[in-house]
Participant: 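Below you'll find the structure I mean.
The figures that follow rest on heavy atoms only: side chains count, while hydrogens, waters and symmetry mates do not.
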Amino acid sequence: MNVSPLISAIVVSYNTRDMTLECLRALKADLAGMPSEIWVVDNASSDGSAEAVEKQFPDVQVLRSGRNAGFGAANNLAMAQARGDLFLLVNSDAFLRAGCSAALVDCLERHPDAAVAGPRILRPDGSLQISCFRFPSPARAVLENLFVASVFPDHPVLGDYRRWGHDREREVDWVIGACMLVRRKAYEDAGGFDERFFMYAEETDWQKRMRAAGWTIWFTPSGEVVHVGGGSADPEARFNERMFVSLDAYTLKHHGWAGLLALRSAMVAGCSLRAAGWLIASLFPARRHHAAGRVRRHLRLVVRQALHWRAPGRGLAA
C-alpha cells in the first residue's frame with residue numbers, strides 16, 4: 001500500500017551542489033523511520049546540482065524550475081505537488097542534527113493552533129544564530145533605531161528577541177526560513193509564498209499572513225540545525241541591497257507608502273546616531289579599524305534610506 005507521508009521535505013538548490021548533497025545526507029538520516037518524502041527544486045543551477053542529486057539520491061524527487069525563480073517560488077512549486085501533512089522547508093546550506101524533525105513535529109502536535117515550528121539554529125562554530133524576530137513595522141523601526149528595544153529587551157511589547165538565548169520553547173512573531181516545519185492546513189489557509197519577493201522577507205510576509213488567518217508561530221530549542229549562511233562577522237559584508245529592497249517590499253505591502261517613509265526616517269535617524277557613536281569610538285587607537293568599518297556601513301545606510309527610491313516592481317510589492 002502506498003502510505004501518504006507525514007512530512008514532505010523541500011530543499012531549494014541554486015549552484016550549491018556540494019552543500020545540497022551534504023544537506024540531503026543529514027536530512028535523510030534525521031528522517032529515517034518517519035513516513036516522509038524529499039523534494040529538491042533546482043533553480044536552473046549551472047554546476048550540475050540536479051544531476052548530482054539524481055545520481056546519489058535516486059529516491060529524491062527533483063524538480064527543475066528552468067529559471068532562478070527565487071526561494072518562495074521554488075518552494076511553491078514543490079508544495080503544490082507534495083503529499084505530506086507537513087512541509088519541512090530546509091535551505092541547502094542548513095544541516096539538521098539528529099532528532100530535529102521529530103522535535104519540530106512534536107512542537108506542532110502540542111500546539112494545534114501552530115502553523116510553523118522553527119528550530120534552534122547554530123553557526124558552524126557552534127555559536128547561536130538569532131532566528132526569531134518581531135515583524136518589521138514603522139513602530140518597530142522607531143523602537144529599534146532609537147534604542148528603546150535595547151533598553152527594554154525583555155519587555156513584551158517594546159523588546160525583541162535579540163538578547164534572548166533561544167533556550168526555551170515560546171511563541172514568536174516569525175522564524176527565519178533556513179529550516180521550518182509548516183502545517184499544510186496553514187498553507188492552504190494563507191496561500192503559498194508571495195512570489196514578488198525574490199529573496200528575503202518572503203518568509204516574514206508568509207508568516208504574517210498565517211497569523212492574520214488565526215495561526216501561531218512557535219520556536220523550539222529541542223531541534224537544532226547548523227546553518228552556514230549568515231555567519232560573517234564583517235559589517236561591510238552584511239550590507240545587502242537585495243535585503244533592503246525586500247524590506248521595502250514588505251513595508252509597502254503591509255503599511256503603505258506612509259509606513260515606508262516612516263520606517264526609512266527612523267532608520268536614517270538611528271544610523272546617523274550610530275555613525276556618530278562609532279566616529280567617537282574611532283578616536284581610540286585600539287578601536288579605530290573596527291570603528292571605521294562601522295561608520296562607513298551606517299553612513300551608507302543613511303544615504304541608501306534617504307535617497308535611494310524606486311518604483312514598485314519585481315521584488316517590490318505593488
Side-chain angles (χ1 to χ4, degrees), residues 2-14 16 20 23-24 27-28 30-31 34-45 49-50 53-54 57 59-94 96 100-101 104-105 107-109 112-119 174-218 223 225 246 250 315:
N2 188 14
V3 179
S4 296
L6 172 65
I7 294 176
S8 293
I10 302 169
V11 179
V12 177
S13 174
Y14 177 65
T16 55
T20 299
C23 170
L24 290 173
L27 183 58
K28 287 181 68 68
D30 191 51
L31 290 173
M34 300 180 69
S36 60
E37 62 180 6
I38 300 177
W39 296 75
V40 169
V41 185
D42 186 72
N43 271 345
S45 296
S49 293
V53 171
E54 289 173 333
F57 300 98
D59 57 334
V60 169
Q61 301 183 71
V62 178
L63 295 175
R64 289 174 167 83
S65 68
R67 63 189 179 93
N68 185 9
F71 178 79
N75 275 297
N76 283 348
L77 186 65
M79 288 189 291
Q81 302 181 52
R83 299 179 298 130
D85 294 328
L86 306 171
F87 300 131
L88 179 61
L89 309 188
V90 184
N91 277 10
S92 61
D93 62 350
L96 277 65
C100 181
S101 299
L104 295 176
V105 171
C107 182
L108 288 188
E109 288 179 344
D113 63 344
V116 174
W174 65 279
V175 298
I176 67 172
C179 178
M180 53 197 298
L181 186 66
V182 182
R183 200 185 299 270
R184 175 185 285 274
K185 183 61 169 62
Y187 157 76
E188 293 171 346
D189 286 350
F193 287 100
D194 183 339
E195 296 183 12
R196 290 174 294 179
F197 294 94
F198 179 79
M199 181 180 294
Y200 302 114
E202 65 272 85
E203 76 264 49
T204 316
D205 169 75
W206 199 32
Q207 290 170 77
K208 187 170 182 66
R209 288 189 282 119
M210 289 177 180
R211 291 182 67 92
W215 295 92
T216 59
I217 311 297
W218 282 79
V225 170
S246 292
Y250 176 93

Participant: To the nearest 0.5 Å, what is the distance between OG on Ser246 and CE on Met199?
Facilitator: 8.5 Å

Participant: For the backbone of Cys100 and the side chain of Asp30, can you confirm whether one donor and one acceptor N or O come within less than 3.5 Å of each other?
Facilitator: yes

Participant: To the nearest 0.5 Å, how far apart are OH in Tyr250 and CG in Asp205?
Facilitator: 7.0 Å

Participant: Testing Val116, Val90, Leu104 for side-chain contact (heavy atoms from CB on, under 4.5 Å) with Met180, which one passes?
Facilitator: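 Going through Val116, Val90, Leu104 one by one, the side-chain contact (heavy atoms from CB on, under 4.5 Å) with Met180 is satisfied by Val116 alone.
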
Participant: What distance separates Asn91 CG from Thr16 OG1, expressed to the nearest 0.5 Å?
Facilitator: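 Nearest 0.5 Å value for the CG-OG1 distance: 9.0 Å.
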
Participant: Restricting to non-hydrogen atoms, name the atom on Ser101 and the atom on Leu88 that form the minimum distance, rounded to 0.1 Å.
Facilitator: OG-CD2, 3.6 Å

Participant: Between Arg209 and Asp194, is there a salt bridge with N-O shorter than 4.0 Å?
Facilitator: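 Salt bridge between Asp194 and Arg209, a charged N being under 4.0 Å from a carboxylate O: no.
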
Participant: Is any side-chain heavy atom of Glu203 closer than 4.5 Å to one of Ile176?
Facilitator: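 Counting from C-beta outward, Ile176 and Glu203 do come under 4.5 Å.
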
Participant: Would you confirm whether Glu37, through its side chain, and Arg83, through its main-chain N or O, come within 3.5 Å as a donor-acceptor pair?
Facilitator: yes

Participant: What is the minimum heavy-atom distance between Trp218 and Cys107, and which atoms define it?
Facilitator: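 In terms of heavy atoms, the two residues are closest at CB-SG, 3.9 Å.
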
Participant: Of all heavy-atom pairs between Gly84 and Arg184, which one has the smallest distance, and what is that distance?
Facilitator: O-NE, 2.7 Å

Participant: Would you give the length of the straight line joining atom CG of Leu181 to atom CG of Leu108, rounded to the nearest 0.5 angstrom?
Facilitator: 4.5 Å

Participant: side-chain contact (heavy atoms from CB on, under 4.5 Å) between Asn68 and Phe198: does it pass, once the steps are laid out?
Facilitator: CA-CA 9 Å; Asn68 185 9; Phe198 179 79; 3.5 Å; yes

Participant: What's the separation between atom OH in Tyr14 and atom OG in Ser92, rounded to the nearest 0.5 Å?
Facilitator: 12.0 Å

Participant: What's the shortest heavy-atom distance between Ile217 and Ala115, and which atoms?
Facilitator: CD1-CB, 4.4 Å

Participant: Please confirm whether Phe71 and Phe193 have ring centers closer than 6.0 angstrom.
Facilitator: yes

Participant: If you take all heavy atoms of Trp206 and Leu89, which pair is closest and at what distance?
Facilitator: CZ3-CD1, 3.7 Å

Participant: Given 3.5 Å as the limit, does a donor-acceptor pair link the side chain of Glu202 with the main chain of Tyr200, or not?
Facilitator: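 Pair found, side chain donor or acceptor close to backbone of Tyr200.
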
Participant: How far apart are the closest heavy atoms of Pro5 and Ser8, and which atoms are they?
Facilitator: CG-OG, 4.3 Å

Participant: Can you check whether Asp59 reaches Lys28 side chain to side chain, under 4.5 Å on heavy atoms?
Facilitator: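 Of all side-chain heavy-atom pairs linking Lys28 with Asp59, at least one is under 4.5 Å.
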
Participant: What do the steps show when you test Leu6 against Leu86 for side-chain contact (heavy atoms from CB on, under 4.5 Å), and what is the final call?
Facilitator: CA-CA 6 Å; Leu6 172 65; Leu86 306 171; 4.0 Å; yes

Participant: Rounded to the nearest 0.5 Å, how far does CD of Gln81 lie from CD of Gln61?
Facilitator: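 Between atom CD of Gln61 and atom CD of Gln81 there are 8.5 Å.
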
Participant: Which of these, Leu27, Val62, Ile7, sits in a side-chain contact (heavy atoms from CB on, under 4.5 Å) with Ile38?
Facilitator: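 That would be Leu27; it is the only one of Leu27, Val62, Ile7 passing the side-chain contact (heavy atoms from CB on, under 4.5 Å) with Ile38.
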
Participant: Given Ser13 and Val53, is the side-chain contact (heavy atoms from CB on, under 4.5 Å) satisfied, shown in steps?
Facilitator: CA-CA 10 Å; Ser13 174; Val53 171; over 6 Å; no

Participant: Side chain of Ser65, backbone of Asp42: donor and acceptor closer than 3.5 Å?
Facilitator: yes

Participant: Under the criterion side-chain contact (heavy atoms from CB on, under 4.5 Å), I'd like the reasoning laid out for Met79 against Val182: C-alpha separation, chi angles, the key distance, then a yes or no.
Facilitator: CA-CA 10 Å; Met79 288 189 291; Val182 182; 5.7 Å; no

